[in-house]
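The shown structure was predicted, so the numbers you read here are calculated from the model rather than taken from an experiment. Residues take their numbers from the sequence shown, with the count starting at 1.
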Amino acid sequence: MSGDGATEQAAEYVPEKVKKAEKKLEENPYDLDAWSILIREAQNQPIDKARKTYERLVAQFPSSGRFWKLYIEAEVNILFYFFIYRNCSIHYRDRKQVRNIAK
């Protein structure tokens, strides 16, 4: 067996505070403290993993410009990094850093 199992487990790890926040949202979907925890967690995730949280957030609070702004900024940031990576002359080492940021 290869080391892939450990990688999969690390990728599936969900912090306890996130689990608690999810449970609070089951009881009260408007709990802003719980949403704050999920937002902070999403901001530290790659957009492909964070997108689900942002979509749930704006679905729950569709008229909140603040929450839409967070979601849009997360999407725009990844587009910005891909634009830099693909269109600028960047040294290999710097390209690797940009690629890591975009993850």
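Trp35 and Thr53 get closest at one heavy-atom pair: CZ3-O, 4.1 Å. Residue Ala42 comes nearest to Ala50 through the heavy atom pair O-CB, 3.3 Å, listed as atom of the first residue, atom of the second, then distance. Of all the heavy atoms in Val18 and Val14, the pair that sits closest is CG1-CG1, 3.7 Å.
Residues Ile37 and Lys24 fail the side-chain proximity criterion, which asks for heavy atoms closer than 4.5 Å. Looking at heavy atoms from C-beta onward, Tyr71 lies in side-chain contact with Arg51 at the 4.5 angstrom threshold. Taking 4.5 Å as the limit, every side-chain heavy atom of Leu25 sits out of range of all side-chain heavy atoms of Gln60. Considering only heavy atoms from C-beta on, Val58 stays 4.5 Å or farther from Leu70 through its side chain.
Ion pairing between Lys17 and Glu22 fails under the 4.0 Å rule for side-chain N and carboxylate O. The pair Glu73-Lys69 meets the salt-bridge criterion, since a charged nitrogen lies less than 4.0 angstrom from a carboxylate oxygen.
In this structure, Phe61 and Tyr30 have perpendicular ring planes: the angle between them is above 60°, well past the 30° mark.
Here the CG-NZ distance, from Leu57 to Lys52, works out to 14.0 Å after rounding to the nearest 0.5 Å. For the atom pair CG of Asn44 and CD1 of Ile39, the computed distance is 12.5 Å after rounding to the nearest 0.5 Å. Rounding to the nearest 0.5 angstrom, the gap separating the CD atom in Gln45 from the CD atom in Glu41 is 5.0 Å.
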**Request:** Report the C-alpha distance between Ile72 and Tyr54 in whole Å, list the side-chain angles of each, state the deciding distance to 0.1 Å, and finish with yes or no for side-chain contact (heavy atoms from CB on, under 4.5 Å).
**Result:** CA-CA 9 Å; Ile72 292 166; Tyr54 288 119; over 6 Å; no
